[in-house]
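Below is one structure, written out as structure tokens, with a few remarks after it.
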Amino acid sequence: MPAEAMSVVQPARSSTEPSLAERVFVCVELIPSGSVLSYGDVAEYIGTGSARIVGRILATEGYDGLPWHRVLRADGTCAEHIRAEQLGLLRAEGVPIRGDRVQMSTARWDGR
DNA sequence: AGACTGACATAAA
DNA sequence: GTTTATGCCAGTC
């Protein structure tokens with residue numbers, strides 16, 4: 001996570017609604033084209049321990065304009081319902097793909 | 001309040 | 001390489 005982004009992602013300010021969802025959105029927006037992050041990576045960046053929450057948020061509050069396709073499972077596979085489109089988008093961005101899975105070792109965003 | 005759920009992760013078989 | 005079992009935890013009902 002870039003330092004300049006932390007100030008935006010950090011805010012656990014309001015006692016009423018820190019909202020993990022907003023932090024997820026900001027983090028996902030920062031992923032550069034051609035790179036990817038796992039759900040667990042995003043969870044770690046925004047300060048929650050659970051990757052499942054990230055998936056749930058994208059599933060329910062995702063909006064267009066958000067590069068959701070740059071987030072996938074840690075082993076490089078993606079959820080069945082979105083697999084085809086996701087792989088297509090990633091391939092178009094030049095992400096290394098072997099068969100039906102992304103090569104996380106080289107595609108994973110290092111935070112820079 | 002309590003049970004259920006899930007675009008997940010990881011270890012073990 | 002694969003499949004199966006367990007843990008996970010915030011949101012939703």
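Below, chains carry the letters A, B, ... as their sequence lines are ordered, and counting in each starts from 1. Excluded from the calculations below are hydrogen atoms, water molecules and symmetry mates; all remaining heavy atoms, backbone and side chain alike, are included.
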Review point. Can you give one letter per nucleotide of nucleotides 6-13 of chain B, going 5' to 3': B for a protein heavy atom under 4.0 Å from the base, S for sugar-phosphate only, - for none?
Key: BBBS----
Which donor-acceptor pairs under 3.5 Å do the side chains of residues 90-99 of chain A make with protein atoms, sequence neighbours left out?
unit_1	atom_1	unit_2	atom_2	d
A/E93	OE1	A/G34	N	3.3
A/E93	OE1	A/R70	NE	3.1
A/E93	OE2	A/H69	NE2	2.9
A/E93	OE2	A/R70	NE	3.2
A/E93	OE2	A/R70	NH2	2.8
A/R98	NH1	A/Q103	OE1	3.3

Review point. How would you list, by chain and number, every residue that makes a side chain to side chain contact (heavy atoms under 4.5 Å, CB included) with A/R73, sequence neighbours excluded?
Key: A/Y39, A/D75, A/T77, A/A79
Exercise for review: Give one of base, sugar-phosphate or nothing for A/R101, where a contact means two heavy atoms less than 4.0 Å apart.
Suggested key: sugar-phosphate
Practice item. Indicate, with a heavy-atom threshold strictly under 4.0 Å, whether A/E61 touches base, sugar-phosphate, or nothing. Key: sugar-phosphate
Exercise for review: Mind checking side-chain hydrogen bond (donor to acceptor under 3.5 Å, both in side chains) for A/R83 and listing every partner two or more places apart, or none if nothing turns up?
Suggested key: A/E80
Review point. What's the CG-P distance between A/L20 and C/dC8, to the nearest Å?
Key: 18 Å
Can you give me every donor-acceptor pair (side chain of residues 24-31 of chain A, partner residue at least two apart or in another chain, under 3.5 Å) with its distance?
unit_1	atom_1	unit_2	atom_2	d
A/E29	OE2	A/Y63	OH	2.5

Review point. Is there any salt bridge (Lys or Arg N to Asp or Glu O under 4.0 Å) pair reaching into residues 34-47 of chain A, and which pairs are they, with sequence neighbours excluded?
Key: A/D41-A/R108
